[in-house]
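Written out below as structure tokens is the structure these notes cover.
Throughout, protein chains are lettered first and strands after them, A, B, ... in sequence-line order, and every chain is numbered starting at 1.
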Amino acid sequence: MNNPVRDAKDRLRALIHAALRGAFGETPLEGGAEAIPVEIPKNTDNGDFSSSVCMACSKALGLPPRKIAERLAELLTKENDFLASCEIAGPGFLNFKLSDKWSGDVLRLVEESGADYGRVDFGGGKRVMVEFVSANPTGPMTIGNARGGVLGDALASVLDFAGYDVTREFYINDAGHQIEMFALSLEARYLQRIFGEDYCEFPENGYHGEDIRQLAFEFYTINGSSYSECDQRTRREALCQFGLEKNIRRLHDDLERYGIIYDNWYRESGLHNSGYVSETIDMLQKRGHIYESDGALWFRATSFGCDKDEVMRKQNGFFTYYAADIAYHRDKFERRGFDMAVDVFGADHHGHTIRFRAGMEALGIDPSRLRFVLMQLVRLTRDGEVVKVSKRTGKAITLSDLLDEIPRDAARFFFNNRQPDTHLEFDMALAVKQESENPVYYVQYAHARICSLLAMLRQEGVEPRRSARLDLTLLKQPEEISLIKAIAAFPEEVTVSARELEPSRINRYLAEVSASFHSFYNACRIRGQEDGLRDARLFLAWCARQVIANGLRILGVTAPEEM
RNA sequence: GCGCCCGUGGCGCAGUUGGAUAGCGCGUCAGACUCCGACUCUGAAGGCCGCUGGUUCGAAUCCAGUCGGGCGUACCA
């Protein structure tokens, strides 16, 4: 057992299944025990778990739900150490209360698993790649990248916790039109540095940022004017290489400062240089999905549900970004053998999802192996006012600007605090507040409070005891019970987060456990209680600390022992 | 035009494969420490789940339509 909630549900399903067979000789639901609905009721008065199975079976059995419920309840209440009670309520719900053995099992599992409590084998060791941020190497990272960074990183951790073999990857778009523009912009600044501002026109769609000028000047400082006389191509390549390496280094460092470490940085240019892009197009051609028109090569995307075809190779002979991306994703599945690939990107790219899937299908790769997390844009605010630019630079706020102002923990927690597909409001004033209205402090405080409690009792000579020497059935106050339930929910929360690709559930879960702990802490004193009760409660607090620490670790947020 | 996402108390958001009285945080109001960290807790007020119809024992959830907001629909990435 490593998932108490899932196990309890499965066990209840099996019991109900057996009772149905016992009472009616059949299970009228298709799918057998698996299909029996069992859930945790919102209202705790309705028990620990409940089932609406009687309503679902009513028609097939030709009996009113309550009649079915009566027959089942009779069989289900026969002695067993798992169920404490089974009651009939409302239109025919079966409401179950579990015996307190279950609570003890939950806490013993936390003790046994420690830092691994919450790990489940949902992923079955399948290899999954999470590709995220993949910001253009032509400039610094934006706030949007900051959200994508946390989202991707936390998602990767969740998947790891859920039993996948995870690889984090950054895809560097170091080829194509924008890199051309990058090179042209650098060249212009370089030549202007040598021959004066009027020497040449700045390219029309070039990058006007100060960072480009800076890069060109650095290049000049190192190489002097030696590249002013050589042929254009050599000059551009040298400048481009120089600029890219500098920028990629910076992306790497900014992300590291943010707590994000990639397993792999993958270069688009490699796909072109090795001929993999054209090989991929050849493959599509052999399968009959490519045609020529107006001097360009087109992919018949309309055969796969898209509303228009896509250019793969332009009139000018260059491949489109789309062609490279199809090759890149083919590489993920075919050459590197990932079972699943997740792409995290901005909602403004949502049009890609269907086109990417079309490409995979055309290549004979099951498109369901490719999944997407789309995130909406971020709105930065300060005290209710929208913040557009950095006070210091007057330019759009970059990730490193943000980290100059906001602690890493707060930034990481905030950017993951909402479902990806909703617009996220990031209140910079709130993020630095050390008060309960700031959710990250609320959670961290709960952790610190428990640590401090443990330390204090230790000083008084009270060590936490092993569960084997405790009577956990002493924990029966409502606050104790609901804290145990909250702790029990963690593995299932990890499972659902992984299944839905939704790491923000972990934030909400942590806030819940923390609230549950604080309530417990206020209602149930530990110091000064009779030894047995004191030790049981201390153990419960210790378990709560472990769960909070594990959850925070998934988010890449620290779990401080004091604040 | 076509396509995707989002409409839930004043604000920000949850709500699992349809389930019982729609929750949480902030804010508002009223309370709780000579006692384990008050960075905390307890309670109250506050909602036609955008609107209309449909599916059924049962809808915030599924379907159709409609209104409002965001985005996409390049031989850019």
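Remark: the backbone N or O of A/L533 is paired with a side-chain donor or acceptor of A/E530 at under 3.5 angstrom. Within the 3.5 Å criterion, the main-chain N or O of A/M456 finds no donor-acceptor partner in the side chain of A/Q459. Put simply, the side chain of A/D48 gets close to the backbone of A/L98: a donor and an acceptor are under 3.5 Å apart. Side chain of A/S50 to main chain of A/N95: no donor-acceptor pair is present (N/O by atom type, distance under 3.5 Å, no hydrogens or angles).
Annotation: side chain of A/L155 is in contact with side chain of A/V373 (closest heavy-atom distance under 4.5 Å). The closest side-chain heavy-atom distance from A/S185 to A/F202 is below 4.5 Å.
We find that the ring of A/F93 and the base of B/A20 stack, their centres lying under 5.5 angstrom apart and their planes tilted less than 30°. Here A/Y441 does not lie in a stacked arrangement on the base of B/C39, lacking the combination of planes under 30° and ring centres under 5.5 Å apart.
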Output the pairing pattern of RNA chain B as a dot-bracket string, 5' first, Watson-Crick or G-U wobble with both distances under 3.5 Å, | for cross-strand pairs, [ ] for crossing pairs.
(((((((..((((.....[...)))).(((((.......))))).....(((((..]....))))))))))))....
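Protein atom NZ of A/K42 is 12 Å distant from nucleotide atom C1' of B/U8, rounded to whole Å. Taking atom NE2 of residue A/H349 and atom C1' of nucleotide B/G72, one finds them 11 Å apart after rounding to whole Å. When rounded to the nearest whole Å, the span between CD of A/Q419 and P of B/C24 equals 18 Å. A straight line from CD of A/E268 to P of B/A77 spans 8 Å, rounded to a whole angstrom. Computed from coordinates, the A/Q459 CD to B/G37 C1' distance equals 14 Å when rounded to whole Å.
Along RNA chain B, the nucleotide closest to A/V311 and the one closest to A/N417 are compared, and the more 5′ of them pairs with A/N417. Checking A/N43 against A/H177, the closest nucleotide of RNA chain B that is more toward the 5' end is the one next to A/N43.
Between B/C39 and A/Q444, no contact under 4.0 Å exists linking OP1 or OP2 to a side-chain N or O. Contact annotation: A/K314 reaches the phosphate of B/A77 (side-chain N/O to OP1 or OP2, under 4.0 Å).
Ion pairing between A/E169 and A/K332 fails under the 4.0 Å rule for side-chain N and carboxylate O. A salt bridge links A/R355 with A/E310; the closest basic N to acidic carboxylate O contact falls under 4.0 Å. Residues A/R13 and A/E34 are not paired through a salt bridge, judged by the lack of any N-O separation under 4.0 Å between the basic side chain and the carboxylate. Note on A/D535 versus A/R465: salt bridge recorded, some NZ/NE/NH1/NH2 to OD/OE distance being below 4.0 Å.
Comparing B/C35 with B/C26, their P atoms sit 25 Å apart, to the nearest whole Å. Across the C1' atoms, B/G54 and B/C13 are found 30 Å apart, a figure rounded to whole Å.
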Dump every N/O contact between nucleotides 42-51 of chain B and the protein below 3.5 Å, one line per pair.
residue	atom	partner	partner atom	Å
B/U42	OP1	A/S519	OG	2.8

Could you list all N or O pairs between the protein and nucleotides 55-57 of chain B that sit under 3.5 Å apart?
residue	atom	partner	partner atom	Å
B/C57	OP1	A/K59	NZ	3.0

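Within a 6.0 Å radius of CD in A/E562, other residues, nucleotides and ligands contribute 12 heavy atoms or fewer.
Aromatic ring orientation, A/W265 versus A/F170: parallel (interplanar angle below 30°, classes split at 30° and 60°).
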